[in-house]
Every structure is written in structure tokens, then in C-alpha cells.
There are 2 protein chains.
Amino acid sequence: MTKKSADPANGHPPAARQVPMRDFSRSLPMSLLRAREAVMRQFRPSLREHGLTEQQWRILRALAAIEAVEVTELARTAFLLGPSLSRILRDLEARNLIERKTAKADQRRSMVSISKEGLKLMASVAPTSEAIYAEITRRFGARKLAELQDMLGELERSLAGLGGADETIAGE
Amino acid sequence: MTKKSADPANGHPPAARQVPMRDFSRSLPMSLLRAREAVMRQFRPSLREHGLTEQQWRILRALAAIEAVEVTELARTAFLLGPSLSRILRDLEARNLIERKTAKADQRRSMVSISKEGLKLMASVAPTSEAIYAEITRRFGARKLAELQDMLGELERSLAGLGGADETIAGE
DNA sequence: CGCATTCACTTAACATGTTAAGTATCTCGC
DNA sequence: GCGAGATACTTAACATGTTAAGTGAATGCG
């Protein structure tokens, strides 16, 4: 949609296409961005009703599956940068949705876990969330969805080790 | 690393898997997020060298293809929300990369266009950007890339009209 | 014409993304 | 054991995402 270029009614010369590049709207980053937005648009309202943002929900979900994790590993799991996670954890802790206690062995580490309240909140959100996911799967097709996920994973892997900058991965 | 369980020293029962949900890291939103990040990680350093953020680059690219646009349409094209765009345009204008002038017919509208300097900057960034895109295409495979884009587009379309909240689209 | 509504932005306020510094611990070599 | 360096976070600072409110300019209707 919206493939204008029909040169509506502005009495101007063709265009200022000085710099030749691929059609911007068809670039891979834009495709991924739009697709993700289309998906998240479905979930946000429900999360919002429960006073959760997308990232907060990611954190709770990551925590629900385990007993406790260090902040750094949680950041990897929830795909958040340290500073963002740090702030969000502060808020979630203030809301009593998570708990924190410094590890005894290493005072630098703090172990994060979900609280009873956090679990209760999750339980109230999960059904809707699952229903939405099911509807998305139904609309797009379970088979195609799996195929898409495979391709996305492959894309990730094919770009691993092409780190644009520092590349501090080493033995991982 | 990845010392997962091993149950260090905390005297707690096994795990807190109270709320049953799909494996979080395999959800569609996470797959899309990670894939996009893997791609953008390639571009960011180059853009950064030229003093541009991803969004600023999106705006310049959108502008390079046309003579001038209203802010609202530019927002659609660059896939940015009004407020973000508003701020970024203010900055880009201060850097003389774009130009703005209010439309004569409708004083509310302001037409945005890329400046000579903006075009010059684009010309200096485009080659590297294209090279990176080519490398990504090479690694992932041109055929698969096209296939992936198709699927992403399909996903978008299959979720259109399922707007999570207001749904104020009407005749578009 | 008068004025309520709608429009096209812009501001404001708060949450997150992102990079750079800062702080407290821990580890290790000497 | 002690001081340099590495670690695990946290803070800070700035840019963007996101929603709500504000502002000025068109529109429409009585």
C-alpha cells in the first residue's frame, strides 16, 4: 500500500533523487521493525491494562522460569542492556514484583527472583497473552510462523561474528 | 560461564515455574527483536561515525527520494511517531541537514525537504551502508532474504485490522 | 459571522535505548 | 597482603518511544 509516486498534484519537477539507494521502505531493518511493531501492537494494550510495559513483562517472564539469576544473565535473557535493566529492576522492586539479595559468595552480584505478587500478576496476564499469540498464529499460520522463526534465527546466526564494532565475545 | 543450575548455595526448593508459558526466548517478538538488532548492529558504527542515529538516517533517506513532504506523511514513511519526528527534525534543521517551510495553502502544514548539506552527508554515508547491506545479503543469501521479506510483509498484512486498541484507520 | 470541532503539529512527561563514567568488589601477581 | 586490573552493577547524560495535553490554523454548521 501507499505506493504513491503517482506524482499527485504538486507542480514540481520529478524528484530530488540525488543519492541512489535501495527503496528505503523495503530495507531489511524496516521490514523487521514494521513486522515487530505489528505484532507488539497486539500485546501492548493488554499489558498496559496490567500496568506493565513490554520490557517489564519480558523480565517477569524470564524470571518466572527460574529460581534466581544474576543481573547480567538476566540482561542477556531478556535482551536488555544493563542500564535499562538496572532502572526497571529498581521500579519492579519498589512495586514488590521482584526480590533482590546480594550473593553471599560474591558481594558484587545480586540475585534477582520473581516475588509471589509478581507470579500473581503474571498469572493474571498470561491467559490473555497466550490468547493473542494463538490468534496471531492462527492468522499467519502455524507452519509459516515456525518457518519465519527459523529464518530469523538463521539470519542472526549468519551475522554473528560480524560485529559492527568492538566484538568482545571471545569464548562464549 | 552459563553456569545455569548447579543450585549454588541458596537453601530454596528447585524452581518457581508457577506460570506456564511458551519458552520466552522463542517468542515471535523476541525473534524479531534479536534479528533486527543483529542487522542494525552492522550499521550503527558507520552511522555513528557520521554523527547520525538510526532514526536520523531513516529520515534523510526518506527525504532523499522526494521533493518535500508534510511532517505527518514523513512520520508514516520513516515509521516514527509524531513527537519523535518533531524533536529529530528540530535537531536536523539546526544542523542544516533539512529545510522547512510552512505550506502556503494551509498554514498548519510544514513541508520538509533535505538540504544540500543533507544530500552531501548522505552521499558520504551511502557507499558504506550499501556495502554492509550487500555483505548481509551475501551471508544470508539473496533468495532467502527476499523470502524473509515476503514473510514479514505477509505477517504485517495478516495482523492489519487487528489493532490492539483504538483502530482509527478508516479509509486508508 | 460565530464558534465548536477537527487538523497538523509541538510540548510535556515518563520509560527505555545507548554509551560513557562511576562505585564497590573481587582476583591475581608479586 | 597490597596495589593494579578485571567484574558486576549503578548513575549519568542524551536520544528515542509512547501517551497525553497544548497551540494555532482550518472547517463546518447554524
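Here is the naming used below: chain letters follow the sequence lines, and residue numbers restart at 1 for every chain. Just so we're clear, the structure is a prediction, and the values are computed from it rather than from any experiment.
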Could you check if a side-chain atom of B:F43 sits within less than 4.5 angstrom of a side-chain atom of B:V125, using non-hydrogen atoms only? no
Rounded distance in Å - NZ (B:K101) to C1' (C:dA8): 18 Å
A:E99: which residues meet the salt bridge (Lys or Arg N to Asp or Glu O under 4.0 Å) condition with it, sequence neighbours left out? none
Those residues at least two apart in sequence (or on a different chain) that pass salt bridge (Lys or Arg N to Asp or Glu O under 4.0 Å) with B:E37 are B:R41, B:R44
Under the side chain to side chain contact (heavy atoms under 4.5 Å, CB included) test, residues paired with A:S86 that sit two or more places apart: none
Would you indicate which nucleotide in D:dG17, C:dA8, D:dA20 comes nearest to any side-chain atom of A:R48? D:dA20
Rounding to an integer number of Å, can you tell me how far B:L47 CG sits from C:dT19 C1'? 16 Å
Which pairs, protein N/O on one side and nucleotides 23-26 of chain C N/O on the other, fall under 3.5 Å?
unit_1	atom_1	unit_2	atom_2	d
C:dT25	O2	A:R108	NH1	3.3
C:dC26	OP1	A:Q107	N	2.6

Applying salt bridge (Lys or Arg N to Asp or Glu O under 4.0 Å), can you list everything that pairs with B:R108, at least two apart in sequence or on another chain? B:D106
ILVMFWY clustering at 4.5 Å (side-chain atoms), partners of B:F79: A:F24, A:M30, A:L33
Atom CD1 of B:I59 and atom P of D:dT16 are separated, to the nearest Å, by 8 Å
For D:dA8, does OP1 or OP2 lie under 4.0 Å from any side-chain N or O of A:R76? no
OP1 or OP2 of C:dG17 sitting under 4.0 Å from any side-chain N/O of B:Q55? no
A:K144 and A:E147 ion-paired at < 4.0 Å: no
Partners passing salt bridge (Lys or Arg N to Asp or Glu O under 4.0 Å) against B:R100 (at least two apart in sequence or in another chain): B:E93
Atom-to-atom span, CD of A:E37 to P of D:dG17 - whole angstrom: 10 Å
Is B:R41 near enough to C:dG17 that one of its side-chain N or O atoms lies under 4.0 angstrom from OP1 or OP2? no
Phosphate oxygens OP1/OP2 of C:dC7: is one of them under 4.0 Å from a side-chain N or O of B:T72? no
Starting at CD of B:E73 and ending at P of C:dA8, how long is that distance when rounded to a whole Å? 12 Å
In whole angstrom, give the distance that lies between atom CE of A:M40 and atom P of C:dG17. 12 Å
Please determine if a side-chain N or O atom of A:R44 lies less than 4.0 Å away from the OP1 or OP2 oxygen of D:dT18. yes
Kindly give the cluster partners of B:M111, where membership spreads through any ILVMFWY side chain lying under 4.5 Å from a current member. none
Residues from residues 78-96 of chain A sitting under 4.0 Å of DNA chain D, heavy atoms only? A:P83, A:S86, A:R87
Can you check whether A:T53 has a side-chain N or O nearer than 4.0 Å to OP1 or OP2 of C:dT16? yes
Hey, is A:R157 close enough to A:E154 for a salt bridge, meaning N to O under 4.0 Å? no
Roughly, in whole Å, what's the span from CH2 in B:W57 to P in D:dT16? 16 Å
In whole angstrom, give the distance that lies between atom CD1 of B:I98 and atom C1' of C:dC9. 14 Å
